[in-house]
*Asks:* 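One structure, pasted below without further comment.
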Amino acid sequence: AQSVTQLDSQVPVFEEAPVELRCNYSSSVSVYLFWYVQYPNQGLQLLLKYLSGSTLVKGINGFEAEFNKSQTSFHLRKPSVHISDTAEYFCAVISTQGGSEKLVFGKGTKLTVNP
Amino acid sequence: NAGVTQTPKFRVLKTGQSMTLLCAQDMNHEYMYWYRQDPGMGLRLIHYSVGEGTTAKGEVPDGYNVSRLKKQNFLLGLESAAPSQTSVYFCASWGRMNTEAFFGQGTRLTVV
């Protein structure tokens with residue numbers, strides 16, 4: 001069964017500092033990987049996705065993530081964060097094995113950007 | 001998100017009451033999902049469906065039932081609501097030809 005582990009529940013950083021939010025997944029089959037962002041009292045917004053091809057994926061708002069199959073990781077990075085990046089970030093995986101495409105989420109990482 | 005609509009958006013129930021949440025999508029997606037979101041727990045999968053007439057249990061199915069009689073609708077039912085079911089519920093849909101899941105705006109349910 002697939003699962004997602006987000007290694008940090010909270011990440012505080014200062015404005016303009018770099019940030020990495022870590023995500024590991026467990027699945028024995030091919031997967032699609034996603035990062036979603038949720039601002040307070042709002043729904044989920046897709047940041048970026050890995051389907052196939054280049055392992056470095058660029059998303060919205062200056063975020064990028066790197067798929068590492070050998071380490072089963074999909075860490076999210078941004079070189080310089082803004083106050084407006086304060087939000088909760090969710091990593092998600094869906095296996096592409098036919099017939100049972102469950103979309104499973106991690107527990108989330110709360111990113112707080114301080115001035 | 002255009003294409004996935006949840007009703008209602010808010011609801012307050014008394015313990016023991018029943019209700020049904022509706023998720024409707026107009027994108028002809030095969031897969032639909034129901035999640036609950038609680039602080040510190042992320043989104044936990046309650047039930048999901050891989051096609052019309054099929055349903056399957058997710059991580060936290062107890063206390064909930066679902067039905068998918070029509071491809072575009074996925075219903076989540078609470079037969080006898082409990083305070084532990086106070087949560088925000090999200091519905092999502094996914095199509096084999098799509099590259100991302102689409103989410104509804106959420107339903108905030110409070111059971112008193």
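Atoms considered below: every heavy atom in the structure, side chains included; atoms not considered: hydrogens, waters and symmetry mates. Chain naming here is simple, since letters A, B, ... match the order of the sequence lines and numbering starts at 1 in each.
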*Asks:* Determine the interplanar angle of the A:F34 and A:Y32 rings, folded into 0 to 90°, and report it as parallel if under 30°, tilted if 30 to 60°, perpendicular if over 60°.
*Replies:* perpendicular

*Asks:* Is chain A contacted by the side chain of B:R44, its backbone, both, or neither, given a heavy-atom distance below 4.5 Å?
*Replies:*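 When you check distances to chain A, no heavy atom of B:R44 falls under 4.5 Å.
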
*Asks:* Need one label for A:L46: side chain, backbone, both or neither, based on atoms under 4.5 Å from any heavy atom in chain B.
*Replies:* side chain

*Asks:* Heavy-atom distance under 4.5 Å to chain A: side chain of B:L45, backbone, both or neither?
*Replies:* side chain

*Asks:* Could you grab the distance from atom OH of B:Y33 to atom OG of B:S49, nearest 0.5 Å is fine?
*Replies:* 9.5 Å

*Asks:* Please classify the contact of A:Q10 with chain B as side chain, backbone, both or neither, using a heavy-atom distance under 4.5 Å.
*Replies:*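 For A:Q10, there is no contact with chain B at all, as no heavy atom is under 4.5 Å.
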
*Asks:* Where does B:E30 contact chain A at under 4.5 Å (heavy atoms): side chain, backbone, both or neither?
*Replies:* neither

*Asks:* Nearest 0.5 angstrom please: B:L78 CG to B:I46 CD1, how far?
*Replies:*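 Going from CG on B:L78 over to CD1 on B:I46, the span is 8.0 Å.
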
*Asks:* Should B:Y89 and B:Y64 count as side-chain neighbours, where that means a heavy-atom distance under 4.5 Å?
*Replies:* yes

*Asks:* May I ask whether A:V11 and A:F14 are part of the same hydrophobic cluster, defined by side-chain heavy atoms of I, L, V, M, F, W, Y residues being less than 4.5 angstrom apart, directly or through others?
*Replies:*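 No, separate clusters.
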
